[in-house]
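Working notes for the structure below.
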Number of protein chains: 2
Amino acid sequence: MARVTLQTIADEVGVSRMTVSNAFSRPDQLSAALRAQILDAAARLGYSGPDPAGRALARGRTGVIGVVLTNSPRDAFADEVAVGFLRAVAATLADEGYSLVLLHSSERSDVDPVRDIAMDGAIVYSCAPRAREVTALRERRLPVVTVESAPLGDEPRILLDDAAGSGQAAAHLLEQGHRDIAVVVTSVDAADEPLDPAHRGRASGTIGRRLDGWASVLTGAGVVPRIVGTPGFDVDDVLRERIAAMLDDPPTAVLAFSDLAALEVIGQARDRGLRVPEDLSVVGFDDSPLAARVSPPLTTVRQDVDAKGTAAATTLLALLRGERRPDLTLPTSLVVRGSTGRPPVVAAG
Amino acid sequence: MARVTLQTIADEVGVSRMTVSNAFSRPDQLSAALRAQILDAAARLGYSGPDPAGRALARGRTGVIGVVLTNSPRDAFADEVAVGFLRAVAATLADEGYSLVLLHSSERSDVDPVRDIAMDGAIVYSCAPRAREVTALRERRLPVVTVESAPLGDEPRILLDDAAGSGQAAAHLLEQGHRDIAVVVTSVDAADEPLDPAHRGRASGTIGRRLDGWASVLTGAGVVPRIVGTPGFDVDDVLRERIAAMLDDPPTAVLAFSDLAALEVIGQARDRGLRVPEDLSVVGFDDSPLAARVSPPLTTVRQDVDAKGTAAATTLLALLRGERRPDLTLPTSLVVRGSTGRPPVVAAG
DNA sequence: CTGAAAGCGCTTACAG
DNA sequence: CTGAAAGCGCTTACAG
């Protein structure tokens, strides 16, 4: 049996196709009696309403917003911060009747969601500037908002004041008396060497701003931190190995780029018999749900992941209505908990 | 300036619209030279490829798979088990070139993603049988797979062998010597009363099967457990209050329907000075990432969330190819960790 | 290797 | 309140 469409119902009832369309989409355009008759016929024929694909083409609107994440869906979901962001985005979009589609980077050459999926706009989250997905998205000229990413063009941007929070974290360690401090980051290939401006030049935007925050405060106090980094964008094997190497000659404190990285440092330190914070102070970044739960609870830089997601969605929604919202830089602030303290006292000599 | 379409490029190059279409979608259908010329013109005119909405209508395929979750996006993301499931689904779909769209339940009457979004199929995860989204989805007659849900019709189903794992959990407590045992569940309105068959009748499918597993083992040993439940589908305020009431006269052991519920019980028990497991043994369900991390590590029933997501996606993908996979029941098994032990010895009298 | 024809299912002004 | 016309942007056989 042929597919049931508007026309099928129209023929059945003896009206035109657009009257049936109106019955579903513009109830005020026809009499209640006729509408009831049409809806009744539709139910009888098993027609559940206008086909969304046809409607999307005719209306020029799909009701779908894409989200491009740094990595594959698998990695993005592994990260509580990314999940919290997605949650807020989805909830905000839902309020306006939009749904969220996850745009993964595909290894297949024949399909590319960023290019091939029908959507009304997109949010780019924490993406490398030259990622293939990002350039593909730009070519489509869709309304876009970028979050903690390099700008694609002149789209509205949501940023984090990374430097403020990391500066506070560095100041906190100085106050406690630390002088031998290491920073642990991604996107920089560095194996426990003195931090210098060249490192900053190679870092991603987000990491670059955090390096700035740490470095400006520390060097202002005459402290040159050590830098441990991976060329990758996650806590990967390279980073784990370099953290291990760093702990062969441990600093008294570590500033990590994320809570997960901080937990990796703490885990490794403990395996070697180092106590946190007595032998080693560790500061995270994000204030993920985990941070307060672990023991000792993590001193970390808080960012409001929920506000970030809400702001991204709200800004994109405004853009779809033709309103341009200003760029937004969200605050960060240090939360002192139990993973930091005074440096260990060493025997002189 | 008018929108750039296939026709724009065709006019520019002096070929027909379908030749331009072929240049993008079926490269083997035209000469390399002509194709290069077309792609070049497209780049010059800022045309990034065939519009997905037009393509979706013509092809009858969108590349999008919907996922319906129990609750709003906000709640679903809050749960590590649901997030793990989504992650596996998204990764498996991505391998086949499909993207995942989150179908939230909307409070707005004018939009309903389950009805209005173009998609090729859907996965229904842990949904109540009469949820509005579910019935709307059925009406669309899309290929569907349900996961831990009541059947919609004759769609392929992925289930969990809830009774096996919960039976093992109950047996474990009996072995340890427990006789005063409470079960903590959702979807049943019960305030610390003796479990009887009527409770089971009111429970959701998943909870019902877990009640069966617990009850069959316990009653076989002459133990009638107490039941504490909320009419809701989450750890909500009602459940929290009833757990508190239960702890006024604590059992020696608790079987919880999820790890999060188990952690709630442990948290409240500690606030009252009860030690886990010395004063109270607690068993969770799920073996979420949290279970092994908390202290004491949680004795729980493991389910393979990743396998569940992969199976759901694989089964739906097969359905889209016209292959019907058999229903699948995934195993569960008890993981004994530190939150269970022997019951406290009480002074006779 | 290329194109004319037909069609995917719907909606938007507009006229009556 | 209802319908004829035009169109949304694309693809699928099919014929040459």
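Residue numbers start from 1 in every chain, and the chains themselves are labelled A, B, ... in the order their sequence lines are given, proteins ahead of strands.
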- prompt: Under 4.0 Å: is that the gap between some side-chain N or O of Ser25(A) and OP1 or OP2 of dT11(C)?
  reply: yes

- line: note: Gln7(A), atom CD; dA4(D), atom P; distance rounded to Å ~ 10 Å

message: From the set dG9(D), dT12(D), dC10(C), return the single nucleotide nearest to any side-chain atom of Asp51(B).
response: dG9(D)

- request: Report yes if a side-chain nitrogen or oxygen of Thr5(B) is closer than 4.0 Å to either non-bridging phosphate oxygen (OP1 or OP2) of dG9(D); otherwise report no.
  value: no

message: Would you say Arg55(A) places a side-chain N or O within less than 4.0 Å of OP1 or OP2 belonging to dT11(C)?
response: yes

- request: Could you tell me whether Asp11(A) and Arg17(A) make a salt bridge, using a distance below 4.0 angstrom between a side-chain N and a carboxylate O?
  value: no

message: Between the side chains of Glu12(A) and Arg44(A), is the shortest nitrogen-to-carboxylate-oxygen separation below 4.0 Å, so that they form an ion pair?
response: yes

Under 4.0 angstrom between Arg59(A) side-chain N/O and dG9(C) OP1 or OP2: no

field: Counterpart base for dA13(C), defined by Watson-Crick or G-U wobble contacts under 3.5 Å
entry: none

task: Considering just the side-chain nitrogens and oxygens of Tyr47(B), establish if one lies under 4.0 Å of OP1 or OP2 belonging to dG9(D).
output: no

field: Given dT2(D), dC8(C), dT11(C), the nucleotide with the shortest approach to the side chain of Ser21(A)
entry: dT11(C)

- prompt: Whole-Å distance between dG9(D) P and Leu57(B) CG?
  reply: 12 Å

query: Salt-bridged, Arg325(A) to Glu323(A), with N to O below 4.0 Å?
result: yes

- request: Would you kindly compare Gly14(B) and Ala58(B) by the position of their nearest DNA chain C nucleotide and give the one closer to the 5′ end?
  value: Gly14(B)

Ser16(B), nearest nucleotide to its side chain (from dG7(C), dG3(C), dT2(D)): dG3(C)

task: Examine dT2(D): is either OP1 or OP2 under 4.0 Å from a nitrogen or oxygen in the side chain of Thr19(A)? Give yes or no.
output: no

Val101(B) side chain reached by Val67(B) side chain, heavy atoms, under 4.5 Å: no

field: Side-chain ion pair, Asp116(A) and Arg55(B), N-O less than 4.0 Å
entry: yes

query: Of the candidate nucleotides dG7(D), dT2(C), dT11(D), which contains the atom at the shortest distance from the side chain of Leu30(B)?
result: dT2(C)

statement: Ranking Ala53(B) and Asn22(A) by the position along DNA chain D of their nearest nucleotide, the one closer to 5' is Asn22(A)

message: Measure CG/Asp28(B) against C1'/dT2(C) and give the value in whole Å, please.
response: 13 Å

- prompt: Could you state the CG-P distance from Leu6(A) to dG7(C), rounded to the nearest angstrom?
  reply: 17 Å

task: Examine dC1(C): is either OP1 or OP2 under 4.0 Å from a nitrogen or oxygen in the side chain of Ser31(B)? Give yes or no.
output: no

- prompt: Do the side chains of Met119(A) and Leu137(A) get nearer than 4.5 Å, heavy atoms only?
  reply: yes

message: Only pairs with both distances under 3.5 Å count, Watson-Crick or wobble alike; so what is the partner of dA4(C) in this structure?
response: none

- request: Would you mind reading off the distance between Ile38(B) atom CD1 and dC1(C) atom P, rounded to a whole angstrom?
  value: 13 Å

query: Does OP1 or OP2 of dG9(C) have a side-chain N or O of Arg3(A) closer than 4.0 Å?
result: yes

- request: Indicate whether OP1 or OP2 belonging to dA4(D) is found under 4.0 Å from a side-chain N or O atom of Arg17(A).
  value: no

statement: Whole-Å distance, Arg61(A) CZ to dG9(C) P, equals 22 Å

query: Between dC1(C) atom C1' and Met18(B) atom CE, what is the distance in whole Å?
result: 15 Å

message: What is the separation between atom CD on Gln29(B) and atom P on dC1(C), rounded to the nearest whole Å?
response: 8 Å

